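Report on one structure; see the data block that follows.
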Amino acid sequence: MADRILAQYEHEEALAAAIRRMRAKGYRALEAYLPFPAIEVEDALIGSAPSAPSRLPYLCFLFGMLAAGVAYALQWLLNGYLYPLVVGGRPPHFPLAFVPITFEMGVLFASFAAFIGVLWRGRLVRLTDDVQGTPGFESATRDRFWLEILAADPAFDPDRTRADLVETGALRIELPEVGP
Amino acid sequence: MTPRLYPPWSNLVYRGALVLLFAGAASLVIVPMLYVRTPYNTSQFQPWSQPVEFDHRHHVRDDGIECLYCHSSAERSASAGVPPTAVCMGCHSQVWQQSPLLEVVRRSYFSGQPISWRRVHQLPGFVYFDHSVHIAHGFPCERCHGDVGRMARVTQVAPLTMNWCLDCHRDFQAGVGSERVTDNAWTSSMRMLFKRVASDRRVTLLTTCTTCHR
Amino acid sequence: MNRSDRSLPLAAVDPDPEFPPGVDQPPAELDRRRMIQLLAAGAALAGLGPIAGCMKKPSDRIMPRVDQRPELTPGVALDYATATVMDGYATGVLVTTHEARPTKVEGNPDHPASLGATSVFDQASVLQLYDPDRATGALDRGTPAELATLVRQIAGRERIEGLWFLLHPQSSPLIEDAIARIRARHPGARFAFDTPVSRRAVFEGSRLVFGRPLEPQYRFDRTDAIVALDADFLAAMPNAVRWSRDFAARRRIAAPQADMSRLYVAEPHPTPTGSLADHALAVRGSELRAIAAALLAAVEGRAIERALPAASAGAEGEGARRWIAAAARDLRTRRGLVVVGDRQPREVHALGHLINQAIGAVGSTVVFTRPAVIEPLGDDLAALAAALAAGRVQTLVIAEANPLYTAPPDLGVAVHLPRVPERIYADLAENETSRACHWFLPLAHAMESWGDARGYDGTVTFIQPLIQPLHAGITLLELLSAFAGDPEPDGHRAVRARYAPGTGDEATAAWQAALQRGLVTGSAFALEVAAVRLGDAERATLAAPPGDPAPGPMGQMRGQIELVFEPSPAVYDGRFSAIPWLQELPKPFDKLTWGNAARMSRATAAQLGVGDHDVVRIVAGGGAVTVPVLILPGHVDRCVSLELGYGRWAAGPVGDGVGSNVYSLRTSDRPWFAPAAGIAATGERHRLAITQEHQRQHGRQIALEATLDEYRRDPDFTRERWQSEPTMLAPQFESFFHWGMTIDTTICSGCNACVIACQAENNVPTVGADQVRRNREMHWLRIDLYREGGDDDPRFIHQPMLCQHCANAPCEYVCPTYATQHSPDGLNEMIYNRCIGTRFCSNNCPYKVRRFNWFDFTEDTARTRQLQYNPNVTVRSRGVMEKCTYCVQRIRAADIAARKQRRDIRPGEVVTACQQVCPTGAIQFGRLDHDRTLNVQWRGEHRHYAVLNQLGTRPSTVYLAKIWNPSSDLPVRLDEDTGATEGGAQDPAKPPGAER
Amino acid sequence: MSEPLLIGRPSDAALGDELLGTTWRAGGAGWKIAFAITGALTALLFALITYTVVKGIGVWGTNIPVGWAFAIINFVWWIGIGHAGTFISAILYLFEQGWRTSINRFSEAMTLCAVLQAAIFPVLHLGRPWFAYWLFPYPSVMEVWPQTKSALPWDAAAVSTYFTVSLLFWYLGLLPDLASLRDSAPTRRRRVIYGLLALGWNGKAVTWRHYKAVYLVLAGLAAPLVLSVHSVVSSDFAIALVPGWHSTIFPPYFVAGAIFSGFAMVITLVIPVRRVFGLHHVITRKHLENCAKLILVTGWIVAYGYMIEWFLDWYSGDRAEMYQAFVARPFGPNKIVFYLSMICNVGVPQIFWWTRARTSVWVLWIASLLINVGMWSERMMIIVQSLQREYLPSQWGDYSPTWVDIGILIGTIGFFALLFLAFLRLLPFISLSEMREMAHELVKHDRRTPAHGERHDG
């Protein structure tokens with residue numbers, strides 16, 4: 001038995017309308033697949049379970065500040081403490097000169113956090129997943145918009161849900177095979 | 001439709017491959033760092049074979065000969081020096097004068113050809129180490145050379161890396177003031193090997209670069 | 001001499017097993033032995049290989065000595081007293097040896113011709129020892145022969161008919177003895193002593209006036225007014241090193257109110273002496289006789305017009321007359337002295353003696369002794385040439401002299417010499433003449449020889465070997481002894497026999513003490529009474545307007561261009577051509593390396609329609625050469641000066657083909673000044689290798705100057721260049737003592753001795769002409785030349801420029817790896833092994849004293865020359881920056897010595913190489929808390945300044961402004977903005993006077 | 001009247017086929033020739049790099065006093081060119097400039113290729129490049145560390161950060177298109193390969209949400225980064241006291257110059273690409289015109305930088321600075337670069353006051369080439385001419401490049417072109433997902449305003 005049901009729509013507005021209708025019918029475990037980030041779909045999904053605003057920017061900020069702090073501390077340690085050689089009559093600990101590297105390291109690690117954050121939250125770094133291989137699903141990265149309702153949804157019932165989706169004007173409806 | 005592009009198990013392979021890739025890249029950095037710290041790279045503990053089976057244990061411990069008796073220029077010169085053949089023959093014209101072990105020494109002495117010893121402690125060319133000033137400040141020989149009196153074959157015990165030099169140069173007092181320079185006081189020297197945490201790391205004439213690099 | 005004790009001589013020691021005598025190994029073998037030596041010493045020469053962790057150190061071998069020698073401690077350098085000899089005149093030197101390997105020459109402070117300083121040639125003599133192209137053995141008609149066999153053959157012969165010797169002038173008492181013995185054994189033997197830089201005219205001049213050849217001994221330290229007539233007594237005369245020190249004693253001014261000597265110089269082209277002159281008069285060489293005659297008239301109170309008739313018309317003549325009048329007044333009223341240069345004819349020397357007599361200088365500022373050289377007026381090359389032409393020479397022995405290269409073509413030596421039935425040649429290396437001889441005997445280098453020689457004042461100086469001969473060789477003394485019949489001549493035996501005949505312990509100890517001193521105390525010549533023995537008629541002839549060969553004061557040669565020859569300040573007469581240090585030495589006024597040029601004034605160049613680097617063809621004396629032009633401000637018009645010693649063709653790979661051979665333009669009757677038969681541009685260009693192309697300051701106040709009057713009026717005229725600039729940085733290392741250097745530009749003559757001394761001490765490589773053209777020369781110390789005033793009448797300031805060791809060093813903070821950083825005792829340290837070669841430090845050094853190893857210059861240095869390397873200084877590899885370290889190896893050695901004795905470093909304990917060698921003593925160095933040293937006292941003088949002080953770099957090197965002492969009769973105005981206005985008006989790529 | 005950003009309203013599928021199809025449609029002989037030429041130049045570059053490392057940097061024309069020359073000029077020039085890419089993709093994104101969409105991927109790739117060229121030089125120009133790792137704070141047994149008061153470690157940090165962030169930013173933007181390729185490329189082999197690169201992207205709405213948040217963050221990070229990088233590069237000169245370098249104006253003036261040269265390079269590249277791939281409806285005149293306007297603006301900032309420098313040199317009263325500005329540069333050795341930079345950087349952009357110049361492809365292209373030349377000359381003027389005439393006239397020197405210098409410069413151009421051509425052939429060089437987003441926006445917009453074709457956008 002399939003653990004989810006997938007419905008295909010022609011464009012993002014149809015998908016957004018479908019989401020609203022399905023939510024009105026009590027479906028909660030909704031997810032959409034689409035070839036570009038459509039604002040209508042975003043809006044329609046607000047309130048469904050996985051749709052909280054991304055908190056990755058906070059992670060980036062945290063990593064950036066942490067890296068900047070470490071970068072400054074390292075410069076102090078190496079130039080100001082461990083072997084405080086004197087150059088050009090400057091004091092070994094010379095904060096002004098330590099700014100550029102501090103800044104750069106902050107940016108670098110914030111960027112790492114951002115990139116790795118997306119991969120992590122999007123459960124990426126993989127080759128395939130549960131919906132890949134569903135007939136016609138390759139259009140999700142091309143020109144079609146897909147709605148997913150998980151079997152875990154309390155309102156889910158294979159036949160009724162399919163009927164509900166047909167009502168929303170889905171172009172096709174697929175039940176992906178469960179992986180071996 | 002075509003079958004699935006990737007089978008489900010491919011995810012594991014993919015992630016494993018990526019981890020290996022990153023680990024490989026990291027090891028390119030980490031492995032050399034570890035390597036330079038190995039005794040192999042620093043030439044520590046390598047029992048070189050020498051042209052003469054000279055046993056320091058016998059000369060130092062049994063006979064009680066001071067280090068400076070043979071390595072006399074250590075007091076006056078940057079170089080500690082390996083004794084001239086004549087110094088060996090000073091004693092061995094009297095004792096063991098027939099020993100086959102000393103054949104190389106005798107041959108050198110009478111032919112005028114020097115004995116070709118293998119260098120055990122070698123610093124890079126740009127390091128100017130001066131034995132005499134260390135001796136004058138009471139650094140025991142063992143501090144750097146280990147307890148040669150217990151070595152059948154002399155090996156290098158200290159890594160002779162720059163950070164090893166700096167440990168003492170930062171904490172200068174640690175090695176000074178020993179009563180007798182050539183005491184075979186290995187144990188007390190060991191204590192000194194454990195560097196006290198230097199509270200003041202400011203650059204001094206002992207830690208500025210031209211102290212050793214000129 | 002605080003660096004290391006002067007140790008016992010190698011007198012009675014056995015041969016060093018590392019250098020078995022008599023071997024003639026190829027260089028590669030030498031290299032192996034060198035490596036063994038170095039490893040035995042724990043010394044570092046191997047250069048900087050990759051030292052990263054990825055390269056494991058190889059295990060090396062140690063080869064200790066077999067025997068025990070108490071005076072030899074591995075790693076401890078020894079200094080031996082010996083001598084260098086140039087054309088007969090000995091300079092006492094101390095040679096530093098490391099493991100029996102001479103590395104550095106220093107002056108012997110006890111020697112009167114040195115006083116601790118040396119010339120560039122003395123410095124470079126150590127590299128001559130290691131010349132890879134030195135002869136490795138005797139040759140008999142080009143095939144190797146056994147030297148000892150040839151020597152025995154020589155010794156076996158008696159009464160050789162038609163035996164002639166051609167030697168450089170000699171002063172050795174032992175050689176004098178040998179010559180006497182040769183004359184006894186071969187009754188007809190004749191000796192010609194000659195050199196291309198002959199001083200014969202000096203002795204002819206004194207014979208003319210005093211009746212016998214005498215050597216003037218000048219007392220510059222007692223002289224207040226000096227008139228130098230074409231006399232470069234600070235650089236190009238035999239006793240110049242000593243005279244520099246004497247001159248500086250009266251020239252250096254310690255306080256504004258103190259007095260200083262005044263110097264008048266008349267010369268055709270700028271010389272080190274001329275650059276210190278308060279009044280330099282540019283005159284053609286042939287005109288000096290008229291100048292001297294006029295000066296004599298002036299000091300005797302006669303009108304000078306009779307002596308300078310033709311001059312009374314032109315402005316030039318007017319300038320000369322005023323110069324003569326002012327000089328004469330100073331000569332009369334102050335303690336005066338006239339010095340005549342060696343290349344002037346005897347008449348000018350005679351006039352000089354008469355002037356000195358007239359002003360009462362004789363006996364006070366100049367005294368006379370007999371000449372140090374043997375037979376100063378004996379046979380010369382001309383006499384030999386006459387004998388050659390007449391076919392009277394059956395056996396010709398030439399040692400060191402190179403007549404086929406140097407002889408004037410009109411003597412016909414090249415034609416007649418090959419007709420001599422037997423020709424024997426001896427020198428360090430084969431050369432032009434040796435190729436035309438049957439036998440070639442390799443001479444030993446002075447550092448491999450036993451011998452003696454006299455200093456300029458007659459002091460007997462010992463020559464002792466410092467190294468076992470690198471190749472089989474014979475000394476000149478031994479060669480002459482062989483001709484005297486000794487089949488196994490031995491220099492050591494001869495020296496012992498003459499100076500220490502005793503054999504007891506006491507005699508040996510005395511002998512060793514004498515050798516340690518390097519000279520025989522009290523052996524200087526006694527002063528001679530010099531009375532003028534000149535009839536009135538002769539006097540009148542001298543004082544009259546001279547006829548040919550120097551017609552008219554500004555006379556007959558007016559229409560023609562006069563050629564002036566000069567021994568090269570770098571390679572002398574060509575005998576040092578194989579020494580790369582000297583080839584690459586920037587010559588004092590044109591900063592030209594690797595070659596010579598036709599130097600002339602701007603007006604003359606314009607007249608000829610040529611500019612810098614344009615090749616001209618000069619015809620004179622039956623010869624013709626092509627040579628590039630170089631415009632030299634301060635050069636007299638209608639005159640071209642040419643340096644001797646270039647254009648050799650058998651000097652080995654270093655010297656061959658460098659520059660143009662101008663000997664072919666010389667004639668025997670006018671060796672120094674001759675009219676040019678023709679000069680014409682060839683249309684070709686040859687880019688000369690010049691290290692400094694711009695000599696104007698552009699108003700930047702880099703090298704400061706003032707007249708004595710100005711200095712007295714405003715002693716703090718340099719205030720803008722020493723007052724510290726505001727800074728936000730607190731000083732670092734305040735509690736430590738600091739090192740510092742002080743350089744007095746008033747007494748710096750630009751003689752270049754410091755440049756070579758630095759090169760020798762610090763293993764500075766040479767790079768070759770092509771790299772010099774690309775601005776890649778490596779000298780750590782250079783002498784910047786700045787020129788003020790007009791092109792016709794320039795004032796020169798020499799500014800030795802080396803790392804300034806700035807307290808706030810701009811180079812340090814831009815280095816990403818701490819390869820250059822500051823030491824607590826105020827040194828700007830350069831750590832080669834940490835350098836990755838970003839060159840940011842050099843870009844940011846406003847003094848541009850950093851040098852970069854663009855290629856592996858050490859690798860390109862001949863292996864034997866690498867034997868000269870100082871083991872206490874790292875040899876730099878490719879890709880690292882290097883620069884002056886204030887001789888940090890000497891500082892740290894003193895530091896270690898002091899620490900071992902638990903004392904402080906003593907004042908004067910550290911002497912840098914440049915300080916040690918400086919003939920005038922213009923460089924002082926020391927700790928800034930040693931208040932009683934000259935270094936600190938000088939820094940307290942009003943006229944001190946820091947170069948580019950306005951940048952806030954706080955240099956540790958401080959300069960003293962150049963003070964001029966012009967006569968009130970000839971006012972000099974120092975116009976501060978000369979350079980700026982001119983520079984602004986013209987193309988900056990070619991600022992005035994430096995269009996190169 | 002403004003030109004449209006997208007001509008026509010292609011369907012998603014058509015747009016996809018057009019923009020992704022560049023990766024699989026066969027190229028003609030022209031491509032082979034282009035690859036052959038750039039490949040040969042790349043081989044020349046690596047041969048000359050090898051030669052330099054083996055023989056030493058003495059094979060270049062550098063000397064004392066001119067310690068830096070072609071290598072550092074090339075470094076600054078290439079890294080400056082890179083700046084336009086980041087400027088387009090990050091700063092214009094933050095300012096919601098719609099016209100960036102069709103050229104941002106392309107410009108980012110240009111950035112990466114240019115920074116790769118630049119990255120050759122900081123290491124190659126070292127006397128001992130094999131010790132370049134000493135610039136990084138690794139745990140060394142020497143216990144001597146990098147000296148971070150020097151601008152060179154700042155450089156190392158800034159350039160490596162810049163390259164890394166640019167790469168992440170570019171790759172993140174590429175993920176949806178790689179997934180598209182995985183799903184729609186014509187052969188299985190291509191789909192497998194692109195699938196490996198797509199990291200499993202599936203277009204889930206939640207991923208898109210994080211993606212958009214992070215994309216904004218990265219743009220926000222890249223914007224100050226792009227300013228900081230050239231500021232740091234300018235510090236290589238500004239922290240020194242060489243007359244002609246010692247100037248506080250350098251950071252903003254360098255940044256403006258970088259963007260100036262970068263836009264010129266964008267135009268240089270985009271015009272032929274657009275023609276070759278026939279993408280006139282996607283990359284429209286509007287895009288070119290906007291680039292031209294930005295060139296005019298940044299060109300004036302550069303010109304202002306020159307003028308302020310002259311003013312400060314005069315106002316300082318410092319003889320060395322004045323000589324540098326008013327004598328050495330216009331009249332000294334290598335003065336050609338002074339005139340080239342004045343003509344190309346100040347003179348040439350002025351033609352963009354005219355709309356016809358801004359919209360004429362040929363004028364734009366030639367002007368952009370001249371500006372590239374001008375900016376290279378400007379760096380030579382700053383670096384070489386300044387070093388030729390420093391404080392002590394005794395050490396004034398001059399500089400002329402060797403054939404190795406010139407070969408390496410040409411080689412980097414070839415290598416850059418090779419990488420860029422490879423990018424054009426292997427990856428979608430216009431962001432499909434963003435184009436789709438824009439196309440849908442425009443369609444919606446068209447529906448609201450019927451008279452489409454005469455609207456303002458952007």
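Per chain, numbering begins at 1; letters A, B, ... match sequence-line order. Small disclaimer: the values here were computed from a predicted structure and weren't measured.
Using a 4.5 Å heavy-atom cutoff, the side chains of C:R65 and B:P114 are not in contact. The side-chain heavy atoms of B:C209 and C:I831, taken from C-beta on, include a pair separated by under 4.5 Å. Taking the side chain as every heavy atom from C-beta outward, C:R892 and B:T208 approach each other to under 4.5 Å. The shortest distance between side-chain heavy atoms of B:L206 and C:R899 falls below 4.5 Å. Counting heavy atoms from C-beta on, the side chains of C:F736 and B:L205 come closer than 4.5 Å. Two residues are said to be in side-chain contact when any heavy atoms from C-beta on lie closer than 4.5 Å; B:V203 and C:F733 meet this criterion. Two residues are said to be in side-chain contact when any heavy atoms from C-beta on lie closer than 4.5 Å; C:T885 and B:T210 fail this criterion. Contact check for B:H213 versus C:N833: side-chain heavy atoms found under the 4.5 Å cut-off.
Near-neighbour residues of residues 91-104 of chain B relative to chain C, defined by a heavy atom under 4.5 Å from a heavy atom of that chain, are none.
The two atoms that bring C:R902 and B:H137 nearest to each other are NH2-CA, 3.4 Å, heavy atoms only.
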Begin with the C-alpha distance, continue with both residues' side-chain angles, and end with the deciding distance and a verdict on side chain to side chain contact (heavy atoms under 4.5 Å, CB included) for B:R118 and C:R61.
-> CA-CA 5 Å; B:R118 195 178 278 275; C:R61 293 282 177 174; 3.3 Å; yes

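No donor-acceptor pair closer than 3.5 Å links the side chain of B:S116 to the backbone N or O of C:M63. Here the side chain of B:Y128 pairs no donor or acceptor atom with the backbone of C:Q889 at under 3.5 angstrom.
Rounding to the nearest 0.5 angstrom, the gap separating the OG atom in C:S735 from the CZ atom in B:R202 is 7.5 Å. Taking CZ of C:R876 as the start and CZ of B:F126 as the end, the distance is 14.5 Å to the nearest 0.5 Å. Here the NZ atom belonging to C:K900 is positioned 11.5 Å from the NE2 atom belonging to B:H134, to the nearest 0.5 angstrom.
For the set C:I891, C:N762, C:D825, the count of heavy-atom pairs under 4.5 angstrom toward chain B peaks at C:D825. No other option in B:P83, B:S132, B:G90, B:S111 has as many heavy-atom pairs under 4.5 Å with chain C as B:S132. Put simply, of B:A86, B:S73, B:C88, B:P84, the one with the most heavy-atom pairs under 4.5 Å next to chain C is B:P84.
Looking at B:I115, the atoms closer than 4.5 Å to chain C (heavy atoms on both sides) all sit in the backbone: N, CA, C or O. For C:I896, the parts lying near chain B are the backbone and the side chain together; criterion is any non-hydrogen pair under 4.5 Å. The parts of C:S823 that come within reach of chain B are both its backbone and its side chain, each placing non-hydrogen atoms under 4.5 angstrom from that chain.
The environment of OH in B:Y69 is sparse: at most 12 heavy-atom neighbours from other residues, nucleotides or ligands sit within 6.0 Å. Counting heavy-atom neighbours within 6.0 Å of B:E75 CD, excluding the residue itself, gives a total of 12 or less.
Taking the salt bridge (charged side-chain N to carboxylate O under 4.0 Å, His left out) definition, one finds that C:D856 meets it with nothing, sequence neighbours left out.
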